[in-house]
Structure formats: structure tokens, C-alpha cells
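Labels below follow one simple rule: chain letters A, B, ... track the order of the sequence lines, proteins then strands, and each chain is numbered from 1.
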Number of protein chains: 2
Amino acid sequence: MLSPLRFEPAFAQPALPVAAASVIRYAAGEEIFAEGDSADHVYELVEGTVRTGRLLRDGRRQIDAFHFAGETFGFEAGEVRRTTAEAVSEVTVRIVRRRALSDLAARNGEVARQLYQLTISGLQRSQDHVLMLGRRSACERVAGLLLLLADRTGEAAFDLPMSRQDMADYLGLTIETVSRTLTGFLQEGLIALPTVRHVELLDREALEALCE
Amino acid sequence: MLSPLRFEPAFAQPALPVAAASVIRYAAGEEIFAEGDSADHVYELVEGTVRTGRLLRDGRRQIDAFHFAGETFGFEAGEVRRTTAEAVSEVTVRIVRRRALSDLAARNGEVARQLYQLTISGLQRSQDHVLMLGRRSACERVAGLLLLLADRTGEAAFDLPMSRQDMADYLGLTIETVSRTLTGFLQEGLIALPTVRHVELLDREALEALCE
DNA sequence: CGTGTTCTTGATGTTGATCAACAAGCGTGG
DNA sequence: CCACGCTTGTTGATCAACATCAAGAACACG
């Protein structure tokens, strides 16, 4: 069921219009780049799921975003990575030289516009995330994540690509709270959880109501 | 003490390289634009402080960012505003037609690059905000905001342009918690609070340690 | 099958929210 | 200049949500 470069409506993004320096596979859990690395490539995700985020010295982790097939990641303002990217599942990426892309953008206004559009929609997702973390309860956050995942597949039933720990670190919660919230939804009949990594949304309305 | 177009090192951003459609003043508390408006202008803040954020239907509010003199705001991916912008203090802004700016960017690679740089640094600040809201305690959040405000003036003593409610809505806390945390810092000798709107950082080290 | 990992569930603890009262600033009008 | 009311901020008491700690269950993989 490989569908490279298929663009989901909710996340439609142009592929990077530059020849890839290379195409690489990463195993689940592998690091793609780390905080402090020099940021001379950007990535286009062909298949799989990637998480980007940061780690505090005491071990607390915050995931900024999950990235799915067709999306791009690894853009930085400066020369040095401020986030770490890891493969959540088995992953294949196209790697593009940042320099090649910025050169092209300097010559081609349309490419520059796409690049701009890409980052600004990333900014908007980050703002949604801020709202979620700043002002929403655990229930609302978990519901929000489930809806986000459902929207990108377009299906009410889908596999969770990430662990409970990943969900917790994205939502600013603990695994226990995520787990309890999911079984709460289960008991209220909002979702089914046939396996630990597969969700079906039974009452989308109710879940949406939780997110307003 | 007006200093239009002075760029603080920590927030150095190019002015929008387009003739302003107009220059407008807003009184403190006035709305500059609102969620749902059509997004056909961008703004350059000449003087004062602006907050951008969102409101949930039940009244919960989340401030995405504070903007200071020299900074730009009001960029949107789509045609419709997703955030509201309000004057925190008395404010003067240059208003630029979005269309004029994007036309210029399409012709001029350097302008396009600046625009890109602007949004990507906005994205990085939003990611810092996510980390703050997702994984930091109330103390750490308040310390982080104080340091952010100190950095942009370059002084250890500064006026707080915003109310406790604004601070709370930026930090994902309540006014009571912000207030208590500040008096906590006061009692530990980390700050002085000669008036309710003026802060002096007495022990910057300790505050930085709180943010790691 | 065992063994290690991930997930769930339960009991308890802590942080920050909520509710309530009071204090401090601030503008207006006497 | 003070009295007044109104807004904003502080402080206290209590509560609730989520974290933490601990144990067990389910699952994955050799």
C-alpha cells in the first residue's frame, strides 16, 4: 500500500521541486537529525511517520509535530538544528540540499512562494498546538490528536503510527493520562480500540464537540 | 522616547520593503484585526506592543505572541484571519497590502528570502512556546517570559507592557498563578517589583536556571 | 514459552485552578 | 485635594486535574 507523493487534502503540500541529493530509509526509532547538527538539508517524507521535537536536559520531551507522507520537514532559520527528527515508523525520505533549494527559490518566484506557503502553514499548525497545550484539557487534547490523525487518512478507522509515549509528548501529558483518557473514550462509546495501535472513531461528533 | 524602526538584536527583522498603504494608531485594548476577517494586509509595528491570539467559544483565550516595535505580524496562509490582533499599549503600525508584498516577492528574490526568514523565525518562536506550554512548570514559564521581555530591551529593568491577564493567557496559566509566582520570585530575591508594571531582574542566573 | 517492552489500572500526591475576599491603583467629579 | 467607584492585582482556602509511584496485563520477539 505504498503511495509515495500522494497528497492528503488536509496536508496538501508541494513536493520540493529540486532533485533529491538522495533517498534514504530509516528504521523505526532511528534518528534522522539531532539538535545541534548543522542544518544543510531539508527532507521530504515519502513514506512513514516522523516526529520532530526537543529534549530538556532533565529528560522531559516535547514533540513539536508529527510528519506524514508527502510532507516536508527540517527547515531551519539558522545554520544549526534546534530540533531533533526521528523515524516513528519505518520511513523513507528524499533529502534535498538546502542550498540547492534556496538558490532555486532566489531565481524562481513560484518556488519561493511555495516555500513561504509551506512554512506559514507550519506556523499555523504550531499555533493550533499552542492553543491545545495552553488552554485545553487532557480529554480535549487527546480528542484533537485523534481527529488530526483521522483527517489525514480520511478514514474513521486508522492505525496509530506512534506509541503512547509519543502521543503524551506531543500533547504535553503523561502516558498514563493518555491511556486513561483513551479508555474513557472507549467506555463512553466514542471510539473502539480493537488493538492498542488501531482506533476507530465511533462518535466523531462528540469528539469534535470536545475540541469545539 | 519614540524609536521607530529601531531593531532590537534579539528580534532583528527587516522592515517590510514596500510602501505602506497607511500608518495607523490604535489605543490600548483596541482590536487591529479579528479572527474571520479577510487577511489582505500585513503589519509592521512602529511603536508599542501588540498581542495576537485566539479565543475559544467558552471564553478561554490563548495569546500566541507578543509583538514589539520593529516586528511584523498579520501573515496568514489563507484568505481569512485565524487569529485576532489587539493593541496592548498605545500602538502605531504601518499597514502594507499583502498583494503588494507578494507581488514584490515574486519579482525580487531577496524580498522573498526575507519574507521566508520572517515566517520561519516566527515558527521557531512558536515552537519555543509549545515547549514552554507542554513541558514547563508555572515558575519556569513565568521566568521564561521575564527573560524574553528583558532580552528585547537589553535591560535588566523594564516596564511590563501587558497586564497579568495577558501574561497568563500567553503562559497558559491563570492570573492568580502568575501573581503568586511573581511574588514568589520577589520573596526569593530573584526580582524587584517597584510597581505592578515594572520589573527588575536581580538574579538573572537563577531565572535562567529555571528555564535551563 | 520465557523475557523485555509497552500499555493499562489503581492509589496517592502535587500543582495549579477555582472561588472568595481584600488591597492597590486610577480616573472622575465634587 | 479628597471621595468615590471601578478596574486590576494580590492573597488565602479549597478543589480538581493531572502527575507520580507502583503493580499487573498484554503484547512482541527470540
Engineer: Is it true that A:Asp151 and A:Arg204 make a salt bridge, defined as a side-chain N closer than 4.0 Å to a carboxylate O?
Structural biologist: yes
Engineer: Would you mind classifying the nucleic acid contact of A:Arg197 as base, sugar-phosphate or nothing, using non-hydrogen atoms under 4.0 angstrom?
Structural biologist: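 Answer is sugar-phosphate: A:Arg197 comes under 4.0 Å of backbone atoms only.
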Engineer: Determine whether a donor-acceptor pair (one donor, one acceptor, N or O, separation below 3.5 Å) exists between the side chain of B:Glu176 and the base of C:dC19.
Structural biologist: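 Check passes, donor-acceptor contact within cut-off.
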Engineer: Whole angstroms only, please: what is the CD-C1' distance between A:Glu140 and D:dA17?
Structural biologist: 12 Å
Engineer: Tell me the interatomic distance from A:Asp159, atom CG, to D:dC27, atom C1', rounded to whole angstroms.
Structural biologist: 16 Å
Engineer: Can you tell me how far P of D:dA17 sits from CG of A:Leu133, to the nearest Å?
Structural biologist: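 About 19 Å, once rounded to whole Å.
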Engineer: Is any NZ, NE, NH1 or NH2 atom of the basic residue among B:Arg125 and B:Glu71 found under 4.0 Å from an Asp or Glu carboxylate oxygen of the other?
Structural biologist: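 Looking at B:Arg125 and B:Glu71, the cut-off is met.
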Engineer: Need to verify one output field. Residue with the more 5' nearest nucleotide on DNA chain D, A:Gly172 or B:Leu182?
Structural biologist: B:Leu182
Engineer: If you only use heavy atoms from C-beta on, which nucleotide in D:dG12, C:dT8, C:dA11 is closest to the side chain of B:Arg180?
Structural biologist: D:dG12
Engineer: Between C:dT15 atom C1' and B:Arg141 atom CZ, what is the distance in whole Å?
Structural biologist: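 After rounding, the reported distance stands at 11 Å.
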Engineer: Under 4.0 Å: is that the gap between some side-chain N or O of B:Thr174 and OP1 or OP2 of C:dA17?
Structural biologist: yes
Engineer: Nearest whole Å is fine: how far is D:dA26 P from A:Ile175 CD1?
Structural biologist: 17 Å
Engineer: Just to be sure I understand the rule, does B:Gly184 reach a base, reach only the sugar-phosphate, or reach nothing, if contact means heavy atoms closer than 4.0 Å?
Structural biologist: nothing
Engineer: For B:Ser137 and C:dT15, is the shortest distance between a side-chain N/O and OP1 or OP2 below 4.0 Å?
Structural biologist: no
Engineer: How is B:Leu173 classified with respect to the nucleic acid when contacts are heavy atoms under 4.0 Å: base, sugar-phosphate, or nothing?
Structural biologist: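 Since only primed, P, OP1 and OP2 atoms lie under 4.0 Å of B:Leu173, the category is sugar-phosphate.
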Engineer: Using whole Å, report how far CD of A:Gln187 lies from P of C:dT8.
Structural biologist: 12 Å
Engineer: Give, for atom OG1 of B:Thr92 and atom CG of B:Leu45, the distance between the pair rounded to the nearest 0.5 Å.
Structural biologist: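 Rounded to the nearest 0.5 Å, the OG1-CG separation comes out at 7.5 Å.
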Engineer: Do the side chains of A:Thr83 and B:Gln127 get nearer than 4.5 Å, heavy atoms only?
Structural biologist: yes
Engineer: Within less than 4.0 Å of OP1 or OP2 of D:dT10, is there a side-chain N or O belonging to B:Ser179?
Structural biologist: yes
Engineer: Give the rounded distance in Å between these two atoms: CE of B:Met167 and P of D:dG9.
Structural biologist: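 Atom CE in B:Met167 sits about 10 Å away from atom P in D:dG9.
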Engineer: Mind checking if A:Thr195 touches a base, just sugar-phosphate, or nothing, with heavy atoms under 4.0 Å?
Structural biologist: nothing
Engineer: For this output row, return yes or no: ring centroids of A:Tyr116 and B:Tyr116 closer than 6.0 angstrom.
Structural biologist: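 Ring centroids of A:Tyr116 and B:Tyr116 are no less than 6.0 Å from each other.
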Engineer: Ignoring backbone atoms, test whether B:Thr177 places a side-chain nitrogen or oxygen under 4.0 Å from the OP1 or OP2 oxygen of C:dA17.
Structural biologist: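 Result: yes.
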Engineer: Rounding to a whole Å, what distance do you find between B:Leu193:CG and C:dA24:P?
Structural biologist: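 Nearest whole value for this atom pair: 15 Å.
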Engineer: Want to settle it: does B:Arg135 or B:Val178 sit nearer the 5' end of DNA chain D, counting the closest nucleotide to each?
Structural biologist: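 Between the two, 5'-proximity favours B:Val178.
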Engineer: Are B:Arg164 and D:dT10 close enough that a side-chain N or O sits under 4.0 Å from OP1 or OP2?
Structural biologist: yes
